[in-house]
Amino acid sequence: QVQLVESGGGLVQAGGSLRLSCVASGMTFSASGMGWYRQAPGKQREWVARISSSGITNYVDSVRARFTISRDNAKNTLYLQMNSLKPEDTAVYYCHSYLGSLWGQGTQVTVSS
């Protein structure tokens with residue numbers, strides 16, 4: 001069955017770093033545009049970053065220069081490297097496949113001040 005499984009979330013202090021991973025199975029990962037979204041309590045789900053099948057990346061302005069999205073097609077894995085984390089980055093982060101509109105279960109990121 002098609003699955004996206006995120007990992008790497010946790011509790012970090014402001015200014016710290018975290019690396020999220022998303023392992024895909026049951027799909028043609030290399031052909032899929034992939035993205036990261038996040039949702040904080042009381043807020044709608046927000047797009048954070050995307051990477052196309054050819055490696056082209058885009059970011060929401062609030063994370064540009066701090067976050068880096070990447071992919072390893074040989075490992076069917078999507079990554080989000082998050083540096084200089086701020087309390088406002090606190091949210092559940094979700095991996096998304098644009099091919100088939102597939103979502104992962106989410107991983108909690110909490111940034112303390």
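The structure presented is a predicted model; accordingly, all values stated were derived computationally and were not measured. Sequence positions, counted from 1, serve as the residue numbers for this chain.
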Asks: Taking R38's backbone N and O only, do any of them form a donor-acceptor pair with E46's side chain (distance below 3.5 Å, no angle check)?
Replies: no

Asks: Search all heavy atoms of I69 against all heavy atoms of T57 and return the closest pair with its distance.
Replies: CG2-CG2, 3.6 Å

Asks: Between M27 and V2, which heavy-atom pair has the shortest distance, and what is it?
Replies: CB-CG1, 4.1 Å

Asks: By the side-chain hydrogen bond (donor to acceptor under 3.5 Å, both in side chains) test, which pairs, at least two apart or in different chains, include something from residues 12-30?
Replies: S17-N83

Asks: Identify which one of Y93, F29, W36 satisfies the side-chain contact (heavy atoms from CB on, under 4.5 Å) criterion when paired with C22.
Replies: W36

Asks: When you measure from the side chain of S97 to the backbone N and O of S101, does any donor-acceptor pair fall under 3.5 Å?
Replies: no

Asks: Decide yes or no on side-chain contact (heavy atoms from CB on, under 4.5 Å) for V12 and T110, but give the supporting numbers first.
Replies: CA-CA 6 Å; V12 297; T110 303; over 6 Å; no

Asks: Please, which pairs that meet salt bridge (charged side-chain N to carboxylate O under 4.0 Å, His left out) have at least one residue in residues 55-64, sequence neighbours excluded?
Replies: D61-R64

Asks: Please identify each residue that fulfils side-chain contact (heavy atoms from CB on, under 4.5 Å) with V92, with sequence neighbours left out.
Replies: Y94, Q108

Asks: Would you say the side-chain atoms of T77 pair up with the backbone N or O of K75, donor to acceptor, closer than 3.5 Å?
Replies: yes

Asks: Is it true that a side-chain atom of R71 and a backbone atom of N76 form a donor plus acceptor pair closer than 3.5 Å?
Replies: no

Asks: Using 30° and 60° as the class limits, which term best fits the ring planes of Y37 and W103: parallel, tilted or perpendicular?
Replies: perpendicular

Asks: Of all heavy-atom pairs between C95 and E6, which one has the smallest distance, and what is that distance?
Replies: N-OE2, 2.7 Å

